[in-house]
K.L.:
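Below: one structure in structure tokens.
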Amino acid sequence: MAQQSLDFYSQPPKKTIKAEAKAETPPTALGEQEKKERKRRVFPPEAPENLPPSYFVSASYDGHQRKAVVKLYEPESGNIYFWYDNTGHKPYCLTNLSERELKKIERLMTHPGFDHFETTVKFNPLLDRKMQVTKIVASDPLAIGGKPQGTIRDIIPEDFPKTSPSMASAEEAKVWEARIKYYQCYIYDKQFLPGMIFEVKNGNLIPTILEQTEKIVEQMKTIFPEATPQELEYLTEWARLLEYPAPKFRRTAIDIEVYAPISTRVPDPREAAYPIICISMYTSDNQKKVMLLKREGVREGNEHLPADVKLEYYDTEEKLLKAVFEVLWEYPFIITFNGDDFDLRYLAHRALNLGMRRNEIPIEVGRRVCLLRYGVHIDLYKFFFNRSIQIYAFSNRYRDVTLDDVGNAIIGVEKIKLEKAFGDLTYTELAKYCLRDSEITFKLTSAEDELAMKLILVLARISSMPMEDVSRQGVSRWIRNFMHREHRKRNMLIPNPEDILAQKGKTTTTAIIKGKKYKGAIVVEPTPGVHFNVAVMDFPSLYPSIIKVWNLGYQSILCPHPECRSNIVPGTTHWVCTRERALESLLIGSLRDLRVRWYKLKAKDKALPAELRSWYKITQGALKVILNASYGVFGADSFDLYCPPVAEATAAIGRHSITQILGRAEQLGIQVLYGDTDSLFLKNPSKEQVEELVRWTEHELKMSIDMEKIYRYAVFSSRKKNYLGVLEDGTVDVKGLTGKKKHVPFFIKNAFNQMKERLARVKNPADFEAAKKDIASIVRERYTRLKRREWQNMDELAFHVVLGDDLHRYTKTTPQHVKAAKMLEESGVEIRAGDLISFVKTVREPHVKPVELATKNEVDVDKYIAYLHSTFDQVLDALGLSFDEIIGLTKLERFLG
DNA sequence: GCGGACTGCTTACCT
DNA sequence: ACAGGTAAGCAGTCCGCG
């Protein structure tokens, strides 16, 4: 099926070569074009009356048919089918005005998009009571909102007092739920769950029920025997979303290369002024293909590509584009790395520049995204850029969000390093380079049992979002959307942010950091030195547990009931509702329980088949991402349910919990070496002491506490968030020390890693003496090499600092990496926010130079020695070593400086 | 005019 | 567009100093 359309262009290349890319479409091609047009008219394929089980992967609004449309992925055929709403669902928003009042608003009644009113009752969680609202139904989502002016959501508050001077209602006019995207509104109302399996039966979209999976879902009752019926409802709902199986994703990665005359500048995809000379693809059905544009004077190249790589030559750019467009009409999932801002955008604009018609182009170009008219486009750059994904799903394994760095870290494949400009490459060199990029992009989605694809699927299910959206947006959108879904499911009015804030916007604690809204977590002062047998205990998912146990949420904090006012959060003046459970408390609490008591265990269960275990591993990872952010969003003013007292209360209860347990540990005679937020480091505690602490915490604080790990020994300095711990198996945990930070020059990092390896081999206090000597010689060796200027190349000495902002926005100070970046810019390199700047420290003003421009003899060796000094000091003083003594500086020399 | 004490800015990290 | 807390280095400012 894929081949049929592709093979048309797989003919051997014609030998006549036209270098000019803008050649007109030859008249002979018109017949073919017409044939294609006809094919396009029945395309994309509408779902048949009956469609076998298929995955709900995306939803959008079809402006022509004025209907919601769902993209269904049928994994057997590997095709996408479109299912159009057949229920007559329409866009709407809600208002407190009555139909009678609304009818007086002229601009509303004459609005072309206005359809009709419906009066209905909703539960208002802020007021804790039911209220009558009017649904204003429209024929087009743009009539409600989404345009700068003249939309229904703006008209009502603008015109109501004017058109109704009699003030029939004393309240001000309010509009709710007018900013929800239409397709999301549709998903919530229909209770369609994206990522789940559906069938089309007699034209209707019906969820597929898998008996086997439902049996597991039913088990929740026995796994959580203490859960209330209400809690069980949430546990079951989540479990169903997380237990249903994932499909194989038929997909292809794509990468394009553009011929640009100035090699330091990335060509502007909006102009698309230069020809596309190479396109590669790497597919899940194991096809590797490179399509090249024939150009004058370009050689074939001597080396050859692997036998399974298909090379195709095109004599015009149009033919090349048409060939890649066939692929975009064909594959259900298209994977790119930065396709939103480059590859797909360039392809679309280039095609328009070459005179192709819009309906021939399978790309929908948006302001910030590029979507596909047929399949689902996943831009991995956006996905891997997501901080939560970077930190929690990939444990900070990649530092720099580039294809090279991510590829290297996740799958161990690097980009091909080019020594020549694109224009000077042979066809095979270009093909190899381009194919490597597609290969990395594809493998990023296939690594670890298709982790990335499945993660996106699970997150789509949790958040009720299309796969395209969930892969591009941040964790606060994911959380917001499942909150919205649950509001709609329970007939709750979704409050406006300004109303939450007006009632519950004040915080009562003072932050330690200037400019922050409230006080955060406690860090226990560490006890400096080397300590053997250190037990690390922690509260698993502390903040989500607090949200569950203390019933926190925007509706429960500072609730309107007088009898709840005595239920005070320790350390604050806030009270919490005792009458009704908050939605957040139930949703986040049940997710936490599922992760800790089901998915984490299943992920490690060797009795399960490997495939299933891997799915559980991915699922628990997705839950971790959500849970880790579930407290922070309440303190983020960008979050739709922003409620600072909820965040403040959560942190306050966290402080209360750790302070209580600290006191209990002291009573039990346990020495606490350190602690941070939700953890305690105990020096050589007895089994009984630990058991008592666990029992007491569960009884008194109603929270679980775990023995997370035991360090054979741990090294603390007096610095908080800075330590090193060695596990029984020799693994070394390094936290916060300079030697592990990504900006540190490799020359110093390397010495630090040598020390780490040496420390891993220390088993008992006696071993330390020999280790100390070895560590001293590691330091001494680095010191003398610096003094003698013995380093391999300048890269070893480079600091690597991310440019947080565009250069001209540094107005207050000019940090070193900014100075270096400015020098680079002057040498003609394009510099943007987010770039990693590599520089070395030099003797002469301004004491920095980009590593590319620096030479050996201008390096400020003493600065590097000072850096080596401070990096090692963090560990040395705990070991009873002194940097100065190691390098043999006498006291007098030190005194003289 | 210069250096030390200080504050603020910036980045990277921890939980 | 998740939060606050901590470390570190450097830039910039203020003040004293005949």
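Order of the sequence lines fixes the chain letters, A, B, ..., with proteins taken first and strands second; residue numbering starts at 1 for each chain.
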K.L.:
Tell me: NE2 of His800(A) to P of dA8(C), nearest whole Å?
P.N.:
20 Å
K.L.:
What is the distance, to the nearest angstrom, from the CG atom on Leu542(A) to the C1' atom on dA3(C)?
P.N.:
13 Å
K.L.:
With side chain to side chain donor-acceptor pair (under 3.5 Å) as the criterion, how do Arg782(A) and Asn750(A) come out once you've worked through the C-alpha distance, each side chain's angles and the decisive distance to 0.1 Å?
P.N.:
CA-CA 9 Å; Arg782(A) 283 290 125 156; Asn750(A) 180 267; 3.1 Å; yes
K.L.:
In whole angstroms, how far is the P atom of dG4(C) from the CG atom of Asp676(A)?
P.N.:
15 Å
K.L.:
How is Arg399(A) classified with respect to the nucleic acid when contacts are heavy atoms under 4.0 Å: base, sugar-phosphate, or nothing?
P.N.:
sugar-phosphate
K.L.:
Sub-3.5 Å donor-acceptor pair from the side chain of Asp706(A) to the main-chain atoms of Glu708(A), do we have one?
P.N.:
no
K.L.:
Measuring centre to centre across the rings, with the benzene-like ring taken for any Trp, is Phe384(A) within less than 6.0 Å of Phe394(A)?
P.N.:
yes
K.L.:
Let me confirm one number: the OH-CG distance from Tyr398(A) to Asp405(A), rounded to the nearest 0.5 Å.
P.N.:
9.5 Å
K.L.:
Once the angle between the rings of His487(A) and Tyr554(A) is folded into 0 to 90°, is it parallel (under 30°), tilted (30 to 60°) or perpendicular (over 60°)?
P.N.:
parallel
K.L.:
So Val625(A), base contact, sugar-phosphate only, or nothing? Heavy-atom distance under 4.0 Å.
P.N.:
nothing
K.L.:
Start at the 5' end of DNA chain C and walk down; is the nucleotide closest to Thr510(A) or to Arg719(A) reached first?
P.N.:
Thr510(A)
K.L.:
For atom CZ of Arg397(A), is the number of surrounding heavy atoms from other residues, nucleotides or ligands below 6.0 Å larger than 12?
P.N.:
yes
K.L.:
Can you tell me how far P of dG9(C) sits from CG of Leu868(A), to the nearest Å?
P.N.:
12 Å
K.L.:
In whole angstrom, what separates Ile748(A)'s CD1 from dA8(C)'s P?
P.N.:
14 Å
K.L.:
What contact category does Ile512(A) fall into here, base, sugar-phosphate, or nothing, at under 4.0 angstrom with non-hydrogen atoms?
P.N.:
sugar-phosphate
K.L.:
How are the rings of Phe681(A) and Tyr711(A) set relative to one another: parallel (under 30°), tilted (30 to 60°) or perpendicular (over 60°)?
P.N.:
parallel
K.L.:
Please tell me which of the listed nucleotides, dA7(C), dC2(C), dG5(C), lies nearest to the side chain of Lys516(A)?
P.N.:
dG5(C)
K.L.:
Remember a base hit wins even if backbone is also touched, and classify Gly520(A) as base, sugar-phosphate or nothing at under 4.0 Å, heavy atoms.
P.N.:
sugar-phosphate
K.L.:
Base, sugar-phosphate or nothing for Ser638(A)? Non-hydrogen atoms, less than 4.0 Å.
P.N.:
base
K.L.:
Under 4.0 Å between any heavy atoms, over every strand shown, what does Phe799(A) touch: base, sugar-phosphate, or nothing? Just pick one.
P.N.:
nothing
K.L.:
For dG9(C) and Ser870(A) - does any side-chain N or O of the residue sit under 4.0 Å from the phosphate oxygens OP1/OP2?
P.N.:
yes
K.L.:
Supply the atom-to-atom distance Leu594(A) CG to Tyr234(A) OH, rounded to the nearest 0.5 angstrom.
P.N.:
14.0 Å
K.L.:
Side chain of Tyr518(A) only, please: which of dG4(C), dC2(C), dT6(C) is the nearest?
P.N.:
dG4(C)
K.L.:
What is the distance from CG of Asn628(A) to C1' of dC2(C), rounded to the nearest Å?
P.N.:
10 Å
K.L.:
Checking all strands, does Phe634(A) fall into the base, sugar-phosphate, or nothing category for heavy-atom contacts under 4.0 angstrom?
P.N.:
nothing
K.L.:
Pick base, sugar-phosphate or nothing for Ala521(A), based on heavy-atom distances below 4.0 Å to the nucleic acid.
P.N.:
sugar-phosphate
K.L.:
Starting at atom CD1 of Ile391(A), determine the distance to atom P of dG4(C), rounded to an integer number of angstrom.
P.N.:
15 Å
K.L.:
Could you tell me the boundaries of the chain A footprint on DNA chain B, defined by atoms under 4.0 Å from its heavy atoms?
P.N.:
dG8(B) to dT15(B)
K.L.:
Tyr810(A) near the nucleic acid: base, sugar-phosphate alone, or nothing, with a heavy-atom cut-off under 4.0 Å?
P.N.:
sugar-phosphate
K.L.:
Charged N to carboxylate O below 4.0 Å: is that the case for Arg480(A) and Asp640(A)?
P.N.:
yes
K.L.:
Mind checking Val802(A) for me? I need base, sugar-phosphate or nothing, with any heavy atom below 4.0 Å counting as a touch.
P.N.:
sugar-phosphate
K.L.:
Expressed as a whole number of angstroms, how long is the span from Lys624(A):NZ to dC2(C):C1'?
P.N.:
16 Å
K.L.:
Would you indicate which nucleotide in dA7(C), dC2(C), dC10(C) comes nearest to any side-chain atom of Lys841(A)?
P.N.:
dC10(C)
K.L.:
Whether Lys819(A) contacts dA11(C) is assessed here as follows: a side-chain N or O lying under 4.0 Å from the phosphate OP1 or OP2. Is that the case?
P.N.:
yes
K.L.:
Within the structure shown, what part of the strands sits under 4.0 Å from Asn722(A) by heavy-atom distance: base, sugar-phosphate, or nothing?
P.N.:
sugar-phosphate
